[in-house]
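Every chain is numbered from 1 and lettered A, B, ... according to where its sequence line falls, protein lines coming before strand lines. Below, all heavy atoms of this structure are taken into account, side chains as well, without hydrogens, waters or symmetry copies.
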Amino acid sequence: MRHIISVLLENEPGALSRVVGLFSQRQYNIESLTVAATEDPTLSRLTVTTIGNDRVVEQITKQLNKLVDVVKVVDLSEGDHIERELMMIKLKANGQMRAEIKRTCDIFRGQIIDVTPNAYTVQLIGDSSKLDAFIAALGTASIMEVVRSGVSGIARGEKVLSV
Amino acid sequence: MELLSGAEMVVRALRDQGVKYIYGYPGGALLHVYDAIFQQEEVQHVLVRHEQAATHMADAYARATNKAGVALVTSGPGATNAVTGIATAYMDSIPMVVITGQVMSYLIGEDAFQETDMLGISRPIVKHNFSVQRPEDIPAIIKKAFYIAESGRPGPVVVDIPKDMTTPTERYPYEFPASVKMRSYNPISRGHSGQIKKAVDMLLAAKRPVIYAGGGVIMGGASEQLIKLAQTLNYPVTNTLMGLGGYPGTDRQSLGMLGMHGSYEANMAMHHADLILAVGARFDDRVTNATDKFCPTARIVHIDIDPASISKTVEVDVPIVGPAGAVLEEMSELVAAAGTTPDAEAIASWWTQIDEWRGRHGGRFRTDDSEMMKPQQVIEMLSKVTNGDAFVCSDVGQHQMYAAQYYKFNKPNRWINSGGLGTMGFGLPAAMGVKMNFPEADVACVTGEGSIQMNIQELSTCKQYDIPVKVINLNNQSLGMVRQWQDMNYESRHSQSYVKALPDFVKLAEAYGHVGMKVEKYSDLEAAMSEAFSLKDRLVFMDIYVDPHEHVYPMQVPRGSMRDMWLSKTERT
Ligand SMILES: Cc1ncc(C[n+]2csc(CCOP(=O)(O)OP(=O)(O)O)c2C)c(N)n1
Ligand SMILES: [Mg+2]
């Protein structure tokens, strides 16, 4: 099963490499990983999506908790949560395709954020499956480049991950 | 406040931490620190001959005292030479602080002379590591390093110090923090009462219980609490390789070691148990054999300070996260207060069964079929000559298993060996680290002619600092453990396991200024060994020729259950 694990991390040199190293050292899978400082500059928030059975994911959270730089860990997929990912995608757009892409883009509530005579760059935000669906829906349009941010997640309601 | 340079702070902080000895080797990146060491006397530096030995000395001090040992090595090759020792400590959860020199901070990343990324190299084999970014942080970082190394599940911590953090002319106010608080690190101090209660109910209801106790009992200082609980209940105890001495080996309730080379009765009892109380043990593959066949009828209670050790390889029924000593103590209290006692009849018949297994002596060696001295006889003699009271520091191989099986440890922290990593070359420096800190005690290094040559240069350090350990070299003229596997699995094709051109160890010992003895006949052994131990202030190297064809038994059959064992070259369970 796919899990979204959120980690509050000391913003120390080497902290990120400890997390990434743990995943490779123990052969845990990383589907995506995002990290940036929070409103408190001494803390980073990291989101990692991984696929594994319950036992593996339990080990992942336990091992993450053991890292001295890790302040808190939560498996967001255990409760109600919101996930978002941002994608920028550059498409060949000439002739008829321009209107076609524009239509698909509107359906998915994407925005065209850059235009040249031969190309569109589209920005799309949503959960990962929406981004996958958009790519599938492009059909014959030819994709020049895809950049995805990886997943960020947050719990629904008033629950927060903080010190 | 006193003003000190970074170099002086390193030394002062170690003093304020209560460190007496540091084991190390100098080099460019550490010259300021070595100059600060020179100008004081409280922290004594021991100069090894190879950095690996410095880490093993520090590690063994920790294994004998439960306090972090300290090693000091320079950048680049000094640091990489220490890697094996750091990994050795990591695998056995041993507290250690390793201070590594580093190139000037402004040169980091430029492939400067003797630069290696020690934070990166050590990351997977440390509990934590620090890089000093400002000299004034040194006292707090060193304080934290010890705190992290010694608390919770212990482990090695690396402190990497760029040379310009130690410049003698730049001074900063020095204050050694009295305590540490870290929001991201809070080791647990007691177990969950509800879980403990549940476990005690299960313990009292058990009909075929076994207590399976590991290194956590030793490093957690929980031996007393274990003995109390086990003896109140009259339940059998088996120890892991790392846990030997945690429960007295000569006591009737001791089943000895379990696992790959565990005793017949320990492995049989585990396999047939209906309840296993695991304490500070991690269900290592050298213990469990195939996990899908592990103890099919047992429910399992697992006490461990590290939640990640629980249900990692074997799913357990009642996890208890907490320090072994505190949890066992609470269990004893609950047992005393409980209205019920164990089912006396069931426990009595369980003991009858265990004693029957014990009577079969599956693992007893035979002395009749060969003229050669058996390695097991040497260990039994060592046990006799030292009254079972020595610190036994082992290398890795068959001799290690014989020592674990035949030396009966009655006290914790006396059996010092590299269990998790299995590091050949550990034994001699380990014995040195122990002897320096316990000058009155008998300290033996049980080794093989293969292992001893991996750090034999330390005989020179022993001379310099007068470290009179006794080296018990079980010389079978082969890499015995490798050879045994080749006998059993490769039709005795002894690929590279025969050691040709062995040195004359007696002359070698003498060349280093020590006493050498060669023993070839069992009839000479007792007198020679007694003499060796009576030479209190001399290092004696006993080169003892033993049967090269001997195998370690019992030996679990690969991918079998706990009870599937070879008992000799011809008998199987
Ligand atoms: C550094 C290192 N290299 C290789 C091994 C693999 N190994 C395990 S036991 C052994 C043989 C040890 O020979 P010796 O020290 O003579 O002990 P014996 O088994 O003969 O008693 C070897 C090569 C190891 N454990 N450590
Ligand atoms: Mg040998």
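Both the backbone and the side chain of A:T42 come within contact range of chain B, each with at least one heavy atom under 4.5 Å from a heavy atom of that chain. Neither the backbone nor the side chain of A:L9 comes within contact range of chain B; no heavy atoms are under 4.5 Å apart. Heavy atoms closer than 4.5 Å to chain A are found in the side chain of B:R123, but not in its backbone. With a 4.5 Å cut-off on non-hydrogen atoms, A:V163 touches chain B through its side chain but not through its backbone. Proximity to chain A (any heavy atom under 4.5 Å) is restricted, for B:I148, to the side chain, taken from C-beta onward. Within the 4.5 angstrom heavy-atom criterion, only side-chain atoms of B:D306, from C-beta onward, approach chain A.
Ranked by heavy-atom pairs under 4.5 Å with chain A, the first of B:I310, B:N129, B:N186 is B:N129. Of the residues considered (B:S311, B:G152, B:G120, B:S131), B:S311 shows the highest number of contacts with chain A, using heavy-atom pairs under 4.5 Å. Counting heavy-atom pairs closer than 4.5 Å to chain A, the top residue among B:Q133, B:E315, B:M182 is B:E315. Annotation: maximal heavy-atom pairing with chain B below 4.5 Å, among A:P13, A:G14, A:S17, occurs at A:S17.
Counting non-hydrogen atoms of neighbouring residues, nucleotides and ligands closer than 6.0 angstrom, the CZ atom of B:R183 exceeds 12 such neighbours.
Although no hydrogens or angles enter the test, the distance criterion places no donor-acceptor pair under 3.5 Å between the side chain of A:Q63 and the main chain of A:Q59.
Aromatic ring centres of B:Y185 and B:H128: separated by at least 6.0 Å.
Using a 4.0 Å cut-off between charged side-chain N and carboxylate O, A:E58 and A:R55 make no salt bridge.
You'll find the side chain of B:K163 stays beyond 4.5 Å of the side chain of B:V103, heavy atoms only. For the pair A:V19 and A:L46, the minimum side-chain heavy-atom distance is below 4.5 Å. A:E83 places a side-chain heavy atom less than 4.5 Å from the side chain of A:S128.
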